[in-house]
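Beneath this line is the structure, given in structure tokens, with notes to follow.
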Amino acid sequence: MTINGFTLHDTTTATPESAALLDQIQKGWGFVPNLHRVLAESPAALEAYGALWGIAERTGFTAIERNVAYLAIIYENACTYCMAGHTNLSKMAKVDDAVIAAMREGRPLVDTRLEALRTFAALVTRNRGV
């Protein structure tokens, strides 16, 4: 199966290395996002993306805080595909529905700590790190 010219691999079409990684993703999340299926074209790319995700999980941020940052970045980049996927991941991480709705609409958050994080992530993204 392809989308926009990109092959969406599964464990039967990916290389053995990528298939093993896709299997781990399926077991961990209960599904395999299409981004991972595309990245499976290159085992190194799929592994690198997973490693980056793992590094983010080892920060001092909670799962809710990480998801607020992800959603702020996604909102700034206007990526509807990413917003849909990370909305589901945010729900899995127990992010409050009101927080998710505000993030999706670019509205300030009531929680001042989360709002500070949202604002920071949005500004860094908007200004491309400058």
Side-chain angles (χ1 to χ4, degrees):
M1 173 184 221
T2 62
I3 291 183
N4 296 327
F6 293 101
T7 301
L8 297 179
H9 289 284
D10 59 31
T11 56
T12 65
T13 62
T15 65
E17 297 89 353
S18 286
L21 294 169
L22 293 174
D23 189 49
Q24 290 174 355
I25 293 163
Q26 174 68 41
K27 288 177 182 170
W29 288 359
F31 68 102
V32 177
N34 284 344
L35 174 61
H36 295 77
R37 295 178 65 194
V38 169
L39 289 173
E41 184 73 26
S42 165
L46 183 57
E47 182 180 0
Y49 188 79
L52 183 58
W53 187 268
I55 290 167
E57 289 188 339
R58 292 195 319 264
T59 66
F61 291 111
T62 67
I64 291 172
E65 292 165 343
R66 286 192 307 274
N67 280 277
V68 164
Y70 297 149
L71 291 173
I73 293 164
I74 290 164
Y75 181 84
E76 288 300 316
N77 286 321
C79 181
T80 56
Y81 172 82
C82 301
M83 185 61 81
H86 279 270
T87 293
N88 288 330
L89 292 174
S90 293
K91 289 179 181 186
M92 290 170 63
K94 308 280 191 258
V95 177
D96 186 86
D97 287 340
V99 169
I100 294 171
M103 298 293 303
R104 290 176 59 91
E105 296 166 11
R107 292 186 285 110
L109 302 176
V110 174
D111 182 300
T112 56
R113 181 179 169 91
L114 292 179
E115 174 56 18
L117 177 58
R118 183 195 72 81
T119 300
F120 176 77
L123 287 172
V124 168
T125 304
R126 192 176 308 143
N127 296 315
R128 303 298 185 229
V130 179

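Just so you know, these numbers come straight off a predicted model, no measurement behind them.
Atom CZ of Phe120 has 12 or fewer heavy atoms from other residues, nucleotides or ligands within 6.0 Å.
Side-chain N or O atoms of Glu65 include one that pairs as donor or acceptor with a backbone N or O of Thr62 at under 3.5 Å. Listed for the Ser18 side chain is no donor-acceptor partner under 3.5 Å among the backbone atoms of Ala14. Distance alone, capped at 3.5 Å, is enough to place a donor-acceptor pair between the Asp96 side chain and the Ala98 backbone. Distance alone, capped at 3.5 Å, is enough to place a donor-acceptor pair between the Tyr81 side chain and the Leu35 backbone.
What you find for Ala93 and Ile64 is that their closest heavy atoms are O-CG1, 3.9 Å. The heavy-atom pair separating Leu22 from Ala40 by the smallest distance is CD1-CB, 3.8 Å. Counting all heavy atoms, side chain and backbone alike, Ala72 lies closest to Ala122 at CB-N, 4.2 Å. Residues Phe31 and Gln26 come closest through the heavy atom pair CA-OE1, 3.4 Å. Considering all non-hydrogen atoms of both residues, Tyr70 and Ala56 come closest at OH-CB, 3.3 Å. Nearest approach of Ile74 to Met83, heavy atoms of both residues: CG2-N, 3.4 Å.
Contact check for Asp111 versus Val99: no side-chain heavy atoms found under the 4.5 Å cut-off. Between Ile25 and Leu46 there is a side-chain heavy-atom pair separated by less than 4.5 Å. Counting heavy atoms from C-beta outward, Arg128 and Thr125 have side chains that approach closer than 4.5 Å. In this structure the side chain of Val68 never reaches within 4.5 angstrom of the side chain of Glu115, judged on heavy atoms. Side-chain atoms of Ile73 and Glu76, non-hydrogen and from C-beta on, never get closer than 4.5 Å to each other. Using a 4.5 Å heavy-atom threshold, the side chains of Leu71 and Arg104 count as separate. Using a 4.5 Å heavy-atom cutoff, the side chains of Leu117 and Phe61 are in contact. Residues Arg66 and Thr59 are in side-chain contact: their nearest non-hydrogen atoms beyond the backbone lie under 4.5 Å apart.
A chain of hydrophobic side-chain contacts below 4.5 Å, direct or via other Ile, Leu, Val, Met, Phe, Trp or Tyr residues, connects Val38 to Met1.
Taking CD of Glu47 as the start and CG of Leu39 as the end, the distance is 12.0 Å to the nearest 0.5 Å. To the nearest 0.5 Å, atoms CG (Asn67) and CE (Met92) are separated by 10.0 Å. Atom CZ of Phe6 is separated from atom CG of Leu8 by 10.0 Å, given to the nearest 0.5 angstrom. For the atom pair CZ (Arg58) and CH2 (Trp53), the distance works out to 14.0 Å, reported to the nearest 0.5 Å.
For the 3.5 Å distance criterion, the side chains of Thr13 and His9 qualify, holding a donor opposite an acceptor.
Among residues at least two apart or in separate chains, salt bridge (Lys or Arg N to Asp or Glu O under 4.0 Å) pairs with a member in residues 8-28 are Asp23-Lys27.
Taking the six-membered ring for Trp and the full ring otherwise, the centers of His36 and Trp29 sit less than 6.0 Å from each other.
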*For the pair Ile3 and Asn34, evaluate side-chain contact (heavy atoms from CB on, under 4.5 Å) and give the outcome as yes or no after the intermediate values.*
CA-CA 9 Å; Ile3 291 183; Asn34 284 344; 4.0 Å; yes
